[in-house]
Amino acid sequence: MESIQTNALNSKYINSLLRPEENPFMQEMQSFEEIMMMYSCAIREVKTKFEVLNDDFSVRYKRNPIEFIQSRIKKPVSIAKKLASKGCPVTCASILNNLDDVAGIRVICPFIDDIYMVAEKLISQDDITLIEAKDYILHPKPNGYRSLHVIVEIPVFFADHTRNMRVEVQIRTIAMDFWASLDHQLRYKKDIPNVDMISARLKKCADVISATDLEMQSIKNSIYGQRYIPELKRESPKE
């Protein structure tokens, strides 16, 4: 009897795979896969723009304003939690309509002025729309976190349609990224003893890093000369 039930379940599962149009769950899974593909393509488009900019600077100015670029797509569990925290339905359509940070790119620069220059060069391109900018360098978070966040929208051309996709870009110096990596471990690791003391030490490190970044910027200006960079229209973060 148990064998018959097992075979029936297996048969039902196989049929759902062969005919996904008859299975709402499989349809949703296929839609999710397509959406993740679209975000991956959006990352590729924006990442290429940064790589072209870096190559151009390397040849024309003999200096790279970008040290390296990282990218990621939010995991399904993180996406579901983010939608739920915003009071939005946990569906594929809801991802596109309510989240701006599913696709993420992190750009690491040598100097502070490179951060703003790279951001300006990106958002000045004809096919890029700036949705939001948060300057955590000018306005650091209480724990000492510093970085420039911009959300941009870019058209991505697929086989049968074009869709505007949003990508969150975080731009920071090497020192800021080093600090943020350790802070991330502190926030997500459980059962850390003396967490308040460690947080205070990290905040002190953030202040030292900020002072060091400014001093390195000053030395760089003495070598290359101070260059005018258009002011990025950025808002003071609310949180």
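Side chains included, hydrogens not; waters and symmetry mates left out as well; all remaining heavy atoms used.
Under the 4.5 Å side-chain criterion, counting only non-hydrogen atoms from C-beta, Leu186 is in contact with Leu202. Side-chain contact between Leu96 and Met165: present, with at least one pair of heavy atoms (C-beta onward) separated by less than 4.5 Å. In this structure the side chain of Thr173 never reaches within 4.5 angstrom of the side chain of Pro110, judged on heavy atoms. For the pair Pro65 and Asn54, the minimum side-chain heavy-atom distance is below 4.5 Å. Two residues are said to be in side-chain contact when any heavy atoms from C-beta on lie closer than 4.5 Å; Arg63 and Phe111 meet this criterion. With a 4.5 Å cut-off on side-chain heavy atoms, Val152 and Ile123 count as touching. Considering only heavy atoms from C-beta on, Asp113 comes within 4.5 Å of Asn221 through its side chain. Glu45 places none of its side-chain heavy atoms less than 4.5 Å from the side chain of Asp127.
Atom SG of Cys109 is separated from atom CD1 of Ile66 by 5.5 Å, given to the nearest 0.5 angstrom. One distance of note links CG of Leu83 with OG of Ser78; it measures 11.0 Å at 0.5 Å rounding. Taken from CD in Glu120 to CG in Leu130, the straight-line distance is 9.0 Å, to the nearest 0.5 Å. Taking CZ of Arg106 as the reference point, atom CD of Glu168 lies at 9.5 Å (rounded to 0.5 Å). For the atom pair NZ of Lys141 and NZ of Lys134, the computed distance is 8.0 Å after rounding to the nearest 0.5 Å. In this structure, the separation between CG on Leu148 and CD1 on Ile112 is 11.5 Å, given to the nearest 0.5 Å.
A donor-acceptor pair is defined here as one N or O able to donate and one able to accept, closer than 3.5 Å; no such pair exists between the side chain of Asn64 and the backbone of Glu67. Under a 3.5 Å cut-off, the side chain of Ser222 and the backbone N or O of Ser218 do form a donor-acceptor pair.
Surrounding CE of Met36 are more than 12 heavy atoms belonging to other residues, nucleotides or ligands, all under 6.0 Å away. Within a 6.0 Å radius of NZ in Lys121, no more than 12 heavy atoms belonging to other residues, nucleotides or ligands are found. No more than 12 heavy atoms of other residues, nucleotides or ligands shown are found within 6.0 angstrom of CG on Asp126. Counting non-hydrogen atoms of neighbouring residues, nucleotides and ligands closer than 6.0 angstrom, the CZ atom of Phe178 reaches no more than 12 such neighbours.
The hydrophobic cluster analysis finds Phe157 isolated: no Ile, Leu, Val, Met, Phe, Trp or Tyr side chain comes under 4.5 Å of it, directly or through other members. By the 4.5 Å side-chain criterion applied to Ile, Leu, Val, Met, Phe, Trp and Tyr, Phe68 is assigned to a cluster that also includes Ile108, Ile174.
In this structure Ile219 satisfies the side chain to side chain contact (heavy atoms under 4.5 Å, CB included) test together with Glu215, Ile223, sequence neighbours excluded. Under the ring-ring contact (aromatic ring centres under 6.0 Å, His included) criterion, Tyr61 pairs with Phe57, sequence neighbours left out. Here Tyr145 pairs with Tyr136, His149 under the ring-ring contact (aromatic ring centres under 6.0 Å, His included) rule; sequence neighbours left out.
Note on Arg60 versus Asp55: no salt bridge recorded, every NZ/NE/NH1/NH2 to OD/OE distance being 4.0 Å or above.
Criterion: ILVMFWY side-chain heavy atoms under 4.5 Å apart, direct or through other members. Under it, Ile95 and Ile151 are not part of a common hydrophobic cluster. Both Val195 and Trp179 belong to a single network of hydrophobic side chains, linked directly or stepwise wherever heavy atoms of I, L, V, M, F, W or Y lie under 4.5 Å apart. One hydrophobic cluster holds both Leu99 and Ile73 under the rule that ILVMFWY side chains link at heavy-atom gaps under 4.5 Å. In this structure, Met216 is not a member of the same hydrophobic cluster as Leu214, with clusters built from ILVMFWY side-chain heavy atoms closer than 4.5 Å. Linking Ile, Leu, Val, Met, Phe, Trp and Tyr residues whenever their side-chain heavy atoms come within less than 4.5 Å places Val102 and Met37 in a single cluster.
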- Go through the steps for Ile154 and Asn164 under the test side chain to side chain contact (heavy atoms under 4.5 Å, CB included), then give the verdict. CA-CA 5 Å; Ile154 183 171; Asn164 290 328; over 6 Å; no
- Item | Ser181 and Asp177: CA distance, side-chain angles, deciding distance, side chain to side chain contact (heavy atoms under 4.5 Å, CB included) verdict | CA-CA 6 Å; Ser181 176; Asp177 189 59; 5.6 Å; no
- Message: Walk me through whether Lys81 and Val77 qualify under side chain to side chain contact (heavy atoms under 4.5 Å, CB included).
- Response: CA-CA 6 Å; Lys81 287 182 177 178; Val77 172; 3.8 Å; yes
- Passes side chain to side chain contact (heavy atoms under 4.5 Å, CB included), Lys49 versus Ile128? Steps please. CA-CA 10 Å; Lys49 290 179 178 294; Ile128 290 285; 4.0 Å; yes
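Sorted by first and then second residue, the side chain to side chain donor-acceptor pair (under 3.5 Å) pairs with a member in residues 90-101 read Lys82-Asp101, Ser94-Asn98, Asp100-Arg166; sequence neighbours excluded.
Heavy atoms only, all atoms of each residue included: Ala206 and Arg146 are closest at O-NH1, 3.3 Å. Listed here is the closest heavy atom pair of Ile209 and Ala175: CG2-CB, 3.4 Å. Nearest approach of Ile171 to Ser147, heavy atoms of both residues: O-OG, 3.4 Å. Here the closest heavy-atom approach between residue Pro193 and residue Ile198 is recorded as O-CD1, 3.7 Å. Across all non-hydrogen atoms, the minimal contact from Ile105 to Val107 is CG2-CG2, 3.9 Å. In this structure, Pro142 and Lys203 approach most closely via the heavy-atom pair O-CE, 3.4 Å.
Inspection of the Arg72 and Gln70 side chains reveals no N or O donor paired with an N or O acceptor under 3.5 Å.
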